[in-house]
Amino acid sequence: MSISASISEHADRVRANAPLVHCITNYVTVESCANALLAAGASPIMSDEPDDVEDITSICSALVLNIGTLNKQTVAGMKAAGAKAAELGHPIVLDPVGAGASKLRTATACELLDTLPVSIVRGNMSEIKALAGSAATTQGVDVNPADAVSEDSDIAEAAAFARAFAAKTGCVVAITGPIDIVADAKKAYAVHNGTPLQGRITGSGCMLSALSGAYAACADASMLEAALAAVVHMGAAGQKAESRMQASDGTGAFRMYLMDAISLASGEDLAQTADVIEVA
Amino acid sequence: MSISASISEHADRVRANAPLVHCITNYVTVESCANALLAAGASPIMSDEPDDVEDITSICSALVLNIGTLNKQTVAGMKAAGAKAAELGHPIVLDPVGAGASKLRTATACELLDTLPVSIVRGNMSEIKALAGSAATTQGVDVNPADAVSEDSDIAEAAAFARAFAAKTGCVVAITGPIDIVADAKKAYAVHNGTPLQGRITGSGCMLSALSGAYAACADASMLEAALAAVVHMGAAGQKAESRMQASDGTGAFRMYLMDAISLASGEDLAQTADVIEVA
Amino acid sequence: MSISASISEHADRVRANAPLVHCITNYVTVESCANALLAAGASPIMSDEPDDVEDITSICSALVLNIGTLNKQTVAGMKAAGAKAAELGHPIVLDPVGAGASKLRTATACELLDTLPVSIVRGNMSEIKALAGSAATTQGVDVNPADAVSEDSDIAEAAAFARAFAAKTGCVVAITGPIDIVADAKKAYAVHNGTPLQGRITGSGCMLSALSGAYAACADASMLEAALAAVVHMGAAGQKAESRMQASDGTGAFRMYLMDAISLASGEDLAQTADVIEVA
């Protein structure tokens, strides 16, 4: 099957299966994450209380862990939910928001990655480098410009790094930025979808991580292609949203258009918009 | 007074009195709840810290308890606030989000219902069945399709269940879904307002529970009619929002139109749009 | 330099410097605060876990403390972050949401103000009076109408109060309402920008406090003028948003237009719209 056909099928499967996705995510963008999941045809449930998470994870099909506003209680909830998801064989998505920006964030993300069978790690290049033990310094929750994959000439090196990270951790890794890199140990894709406007609102990355949970729940044969399809869904929605921008529109309108586009994208739309190359 | 006239008067009273409503609610949809209260002419204040809630409840006119992201601290806050509201005779609204989906949620909702003089319980049919000790299994935070009241032929049975639940608990119960059932021990109404699009965004139910707090604060003679008016306000707003949808609009636009419609609805608008029948 | 030129320069400096702003803020309006900072050209990071905040504050340029949904953990985080910001000489903005509405809120805001070198306090008149030990009673999180500065005839007295408060606390104070008063110990400005619609949505005040953090980070010579520029940015955005309102638009659309306007405002736009007088 072609990559476009695979992306299309994954998107349609999310809408057909309406997977229930358990999110333990930051309180900044949580409503947007819930709405993004609903827009893509999935169903969100948020629960971080350690005494609640095992029951909730048990009725879901995937677990999304996002450390954007981590605290001791929610980290305890993440560990309990993660252990249950592991037991049940549910895919786990990790979004290491701000890894590299504080010792606690780096250590927490590394611990979750080391102790749980994470299926997909979704972050920017600075965050993934922090998990890999590299020297890059995350700038708050944003990528350090020196780390971002912005030019086609950066792709080969980034893809090699991503494949090595995937090989070491056993995860699929989705490193998003101007150009997105999605890789497992053997294969890497570069995605040219998306728009810089996604960086002008909060939550683009968090929403993609939430969507990755829905796609992972419907991964069928390939977790790599599921992650790729989620990345294309968000990037294609960003482009569609950008195409609607008029002179009086700012970031408020873009945010609405983005949710509109997530909700309206069919599998076929994504197949047509996907701008993906396999990196040799 | 006709039902339409009662709905109209309740809505106008909320705008005239601008009741201050204390919400202890989940962090997913909390901003939407605050904006919905402001849109309807009420004023929100959120506080869940046990050491803060008694003072806050004391200056408010109603208390809304929503367990959508319950944790130990907020449940303690709910109990302290609920006790104060009971002492002061303020109406209490309970939204048992996800009751039936986890033991903690079911137990917490039942405990709040048993120990506090709750005026209105607002949930979907699966959640209310879970509180009633029935066998239905909530699907995350969404209703189990087998439970939903979707056909006119379901109304009589649902109304009988709702009246029995109201008689047992002493509350007014608002069971929302494709067709909404609002009942006290003696009387039940079926409401045909609303649109399925409300289920495509997060927060429709939570916003209605918040609005129910504002309406309960202005209930005057009948808590049943106050709850009914809140249900009609949200459903009529959903229909108005749906009527504005164009081909390029998705769930982002619907969400904005819904808030617009909540804010623009006058009592007279609601009276004209209300599609309510009393169930024999 | 004229006041207009100063406002313009401050706004342009925020866009040029893109300061990273650490916010410990309430969970009601936190996404709007993050989006407002991004819209103004700054970059937000939210962190309230006591073990995380020192690292996060260290990489930022300003700290915003907002007690809108205070709890014991976040207050501990505020104190730890505040101590670190003080050590590093970073400006601190305090938003005493609901001071006067509960003993805990008043006491917490006073303690933060007493123990930290706060640069800017941003609140409504009832909240600031509560901090000053005056008798006014805050109405929830809204200003008591008896306190609000609504008429030009109120300005001189309000400005005198603001200057005295600033002298006593060593802060710049921004008291927002129908007419905004921004003052340090020596000088006070009255700002006639803004629209009553800002009070019909949640977060207008919180977003302004967040923006004040970004402006404080770029204050250059005068913290007073930085605070003034932030107040004008929000007020001018409110007016621009109001000018786009059509008959079918309600508070949902206003909220989007407001974010659009925050994001589109250039320094020159603000200079042209600023309606500021120095109070003798």
Side-chain angles (χ1 to χ4, degrees), chain B residues 18-61 69 71 73-74 76-77 210 237 240-241 243-244 252-265, chain C residues 25-35 67-76 97-108 126 137-145 196-204 206-207 245-260:
Chain B
L20 193 51
V21 179
H22 179 190
C23 301
I24 306 183
T25 189
N26 69 74
Y27 58 80
V28 184
T29 63
V30 58
E31 185 166 23
S32 293
C33 288
N35 277 320
L37 282 167
L38 286 161
S43 188
I45 183 162
M46 276 62 180
S47 164
D48 59 55
E49 163 59 42
D51 285 355
D52 196 47
V53 295
E54 293 188 19
D55 281 358
I56 296 300
T57 277
S58 299
I59 59 169
C60 290
S61 306
T69 52
N71 64 49
Q73 174 191 293
T74 54
K240 177 74 181 169
S243 74
R244 292 177 66 191
F254 176 74
R255 189 167 167 256
M256 181 180 78
Y257 296 153
L258 181 64
M259 194 62 76
D260 281 350
I262 296 171
S263 74
L264 293 172
Chain C
T25 189
N26 70 73
Y27 58 80
V28 184
T29 63
V30 59
E31 185 167 22
S32 293
C33 289
N35 277 320
I67 65 167
T69 52
L70 82 177
N71 63 50
K72 290 188 184 69
Q73 174 190 293
T74 54
V75 171
V97 182
S102 78
K103 291 182 289 292
L104 181 66
R105 287 166 189 255
T106 309
T108 302
S126 298
T137 305
T138 309
Q139 296 190 328
V141 294
D142 298 319
V143 71
N144 185 325
L197 285 173
Q198 289 167 253
R200 296 288 316 278
I201 61 165
T202 193
S204 294
C206 300
M207 285 190 273
M245 294 289 283
Q246 305 194 337
S248 59
D249 287 335
T251 57
F254 176 74
R255 187 168 169 256
M256 182 179 78
Y257 296 153
L258 182 63
M259 194 63 76
D260 281 351

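Heavy atoms only: backbone and side chains are in, while hydrogens, waters and symmetry mates are out. So you know, we letter chains A, B, ... as the sequences are listed, proteins then strands, and number each from 1.
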## Note on the structure
Ranking K240(B), H22(B), M256(B) by heavy-atom pairs under 4.5 Å to chain C gives rank one to M256(B)
#### Entry: With A36(B) via side-chain contact (heavy atoms from CB on, under 4.5 Å) - residues at least two apart
M207(B), L211(B), M259(B), I262(B)
### Summary
Turns out that what part of S248(C) lies under 4.5 Å from chain B's heavy atoms comes down to both
### Task
May I have all residue pairs that pass salt bridge (Lys or Arg N to Asp or Glu O under 4.0 Å) and include part of residues 31-43 of chain B, sequence neighbours excluded?
E31(B)-R255(C)
### Query
Does T251(C) offer a backbone N or O that forms a donor-acceptor pair with the side chain of S263(B) under 3.5 Å?
yes
### Query
Are D52(B) and S102(C) linked by a side-chain donor-acceptor pair shorter than 3.5 Å?
yes
### Message
Taking the basic N atoms (NZ, or NE/NH1/NH2) and the acidic carboxylate oxygens, is any pair closer than 4.0 Å for R244(B) and D260(B)?
### Response
yes
### Query
Which region of A107(C), side chain (C-beta onward) or backbone (N, CA, C, O), has a non-hydrogen atom less than 4.5 Å from a non-hydrogen atom of chain B, or is it both or neither?
neither
### Task
Tell me, for S32(C) versus chain B, whether the close heavy atoms (under 4.5 Å) come from the side chain, the backbone, both or neither.
both
### Task
Go through the atoms of E54(B) and report whether side chain, backbone, both or neither lie under 4.5 Å from a heavy atom of chain C.
neither
### Message
If we define contacts as heavy-atom pairs under 4.5 Å, which of D249(C), T69(C), T29(C) has the most with chain B?
### Response
D249(C)
### Task
Please confirm whether the backbone N or O of D48(B) pairs with a side-chain atom of T74(B), one donor and one acceptor, at under 3.5 Å?
no
### Summary
Given L38(B), I56(B), D51(B), the one with more heavy-atom pairs under 4.5 angstrom with chain C than any other is L38(B)
### Message
With a 4.5 angstrom heavy-atom cut-off, is it the side chain or the backbone of S58(B) that approaches chain C, or both, or neither?
### Response
neither
